[in-house]
Amino acid sequence: MVLKTKRLILRPWEETDAESLYEYAKDERIGPVTGWQVHTDVENSREIIKTILSAPETYAVCLKEDNKAIGSIGLMVGDASDIGLPDTEGELGYWIGVPFWGQGLIPEAAREIIRRAFEDLKLKTLWCGYFDGNEKSKRVQEKCGFTYQYTNRDILWKPMNDIRTEHISRLTKEEWEKNKRAD
């Protein structure tokens, strides 16, 4: 499945994206704040593409002008999510390379994934989380209509082997439709 927005192509990850993925995922300002380890080399990125980014509904975020992967966005539907969801709900996750921060690209990509979730996949509710200190992720969620629901404090985050506080937001199909009509 390939999705398009005004400036972006959202497409499945390919092993040939490993160099581009490594270029952005080696930056310590991205992985740790979003909950994953910094990539160590191109082969590490290639393995991540094969094992993690090949999951259903996971997309490389690419600029239309060159189709180069500059970030990632995806939906984890039902039990694919780590927050225990029914099959009618999904969790949204995303990141983008530092050179592309502040351009509104992830909100643009998220709006298309949200549309897909509600219109194509017929989901009823979407969830999204961010860790303490990740104000950029919080802002994306707010721009896309998510509202704060609850906080999980002092959770062991196994991928980073540390203790974190996670804030969880929600967007229902009804809220999304209401926001869409108001735009």
Side-chain angles (χ1 to χ4, degrees), residues 1 3-10 24 29-36 52-53 55-62 70-98 100-160 162-183:
M1 171 70 59
L3 305 169
K4 295 183 179 180
T5 70
K6 182 179 177 187
R7 299 179 289 172
L8 301 170
I9 296 170
L10 309 177
Y24 302 112
R29 292 172 287 180
I30 297 176
V33 75
T34 58
W36 44 268
I52 296 171
L53 298 177
E57 297 302 326
T58 301
Y59 301 88
V61 175
C62 307
I70 60 171
S72 188
I73 192 162
L75 277 174
M76 293 154 287
V77 178
D79 60 11
S81 165
D82 61 5
I83 59 176
L85 300 177
D87 289 342
T88 58
E89 299 183 7
E91 179 184 2
L92 178 67
Y94 47 80
W95 66 267
I96 196 163
V98 173
F100 305 97
W101 285 4
Q103 298 177 33
L105 296 170
I106 285 296
E108 182 175 324
R111 287 184 189 102
E112 178 59 16
I113 295 296
I114 292 165
R115 183 212 58 76
R116 174 155 171 73
F118 291 136
E119 290 183 357
D120 301 345
L121 303 177
K122 308 297 185 204
L123 298 183
K124 296 186 183 329
T125 303
L126 292 178
W127 300 88
C128 199
Y130 67 93
F131 295 116
D132 257 2
N134 192 346
E135 293 300 311
K136 288 176 178 35
S137 186
K138 176 184 179 184
R139 189 72 191 112
V140 167
Q141 292 171 40
E142 292 169 348
K143 286 179 181 179
C144 292
F146 284 81
T147 56
Y148 170 80
Q149 297 299 304
Y150 62 92
T151 296
N152 292 321
R153 296 189 190 286
D154 300 324
I155 57 171
L156 173 61
W157 190 252
K158 291 179 185 173
M160 297 296 290
D162 61 12
I163 303 296
R164 296 185 172 222
T165 296
E166 183 179 30
H167 307 283
I168 305 293
S169 300
R170 182 191 74 198
L171 178 65
T172 66
K173 183 175 184 182
E174 292 76 23
E175 291 165 339
W176 174 73
E177 287 173 338
K178 182 180 173 187
N179 291 342
K180 196 170 70 164
R181 285 192 301 269
D183 286 344

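Along the sequence shown, residues are numbered consecutively beginning with 1. The figures that follow rest on heavy atoms only: side chains count, while hydrogens, waters and symmetry mates do not.
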Interatomic distance, [X] atom [atom1] to [Y] atom [atom2] [nearest 0.5 angstrom]:
{"X": "F131", "Y": "E166", "atom1": "CZ", "atom2": "CD", "answer": "4.5 Å"}
{"X": "I114", "Y": "L171", "atom1": "CD1", "atom2": "CG", "answer": "5.5 Å"}
{"X": "I70", "Y": "C62", "atom1": "CD1", "atom2": "SG", "answer": "7.5 Å"}
{"X": "I106", "Y": "W101", "atom1": "CD1", "atom2": "CH2", "answer": "11.5 Å"}
{"X": "L8", "Y": "E112", "atom1": "CG", "atom2": "CD", "answer": "10.0 Å"}
{"X": "N152", "Y": "T165", "atom1": "CG", "atom2": "OG1", "answer": "9.0 Å"}

Are the side chain of [X] and the backbone of [Y] linked by a donor-acceptor contact shorter than 3.5 Å?
{"X": "W157", "Y": "G35", "value": "yes"}
{"X": "Y94", "Y": "S137", "value": "yes"}
{"X": "E108", "Y": "R7", "value": "yes"}
{"X": "Q149", "Y": "T147", "value": "yes"}
{"X": "Y148", "Y": "T151", "value": "yes"}

Fill in: Intermediate values then yes/no, side-chain contact (heavy atoms from CB on, under 4.5 Å), R116 and E57
CA-CA 10 Å; R116 174 155 171 73; E57 297 302 326; 2.8 Å; yes
Worksheet item: Heavy-atom distance under 4.5 Å between the side chains of Y59 and M1, does that happen here?
Response: yes
Fill in: Contact check, side chains of L92 and F146, non-hydrogen atoms, under 4.5 Å
yes
Discussion item. Atom NZ of residue position K173 - does it have more than 12 heavy atoms of other residues, nucleotides or ligands inside 6.0 Å?
Written reply: yes
Please report the shortest heavy-atom distance between [X] and [Y], naming the atom on each side.
{"X": "S72", "Y": "T58", "value": "OG-CG2, 4.1 Å"}
{"X": "I30", "Y": "T34", "value": "O-OG1, 3.0 Å"}
{"X": "S169", "Y": "Q141", "value": "OG-OE1, 3.0 Å"}
{"X": "P107", "Y": "C144", "value": "O-SG, 3.9 Å"}
{"X": "Y130", "Y": "K138", "value": "OH-CD, 3.3 Å"}
{"X": "I168", "Y": "G129", "value": "CD1-CA, 4.0 Å"}

Fill in: Test side-chain contact (heavy atoms from CB on, under 4.5 Å) applied to R115 and D120, step by step
CA-CA 8 Å; R115 183 212 58 76; D120 301 345; 3.2 Å; yes
Worksheet item: Restricting to pairs with a member in residues 75-84, which pass side chain to side chain donor-acceptor pair (under 3.5 Å), not counting sequence neighbours?
Response: S81-E91
Item to complete: Starting from the C-alpha separation in whole Å, work towards a yes-or-no answer on side-chain contact (heavy atoms from CB on, under 4.5 Å) for T172 and K124.
Response: CA-CA 6 Å; T172 66; K124 296 186 183 329; over 6 Å; no
Worksheet item: Would you call K178 and E175 a salt bridge, using N to O less than 4.0 angstrom?
Response: no
Discussion item. Run the side-chain contact (heavy atoms from CB on, under 4.5 Å) test on L126 and L75 for me, step by step, so that the C-alpha distance in whole Å, both residues' side-chain angles and the decisive distance to 0.1 Å come before the verdict.
Written reply: CA-CA 9 Å; L126 292 178; L75 277 174; 3.7 Å; yes
Practice prompt. Return the orientation label for the F100 and Y24 ring planes: parallel under 30°, perpendicular over 60°, tilted otherwise.
Written response: perpendicular
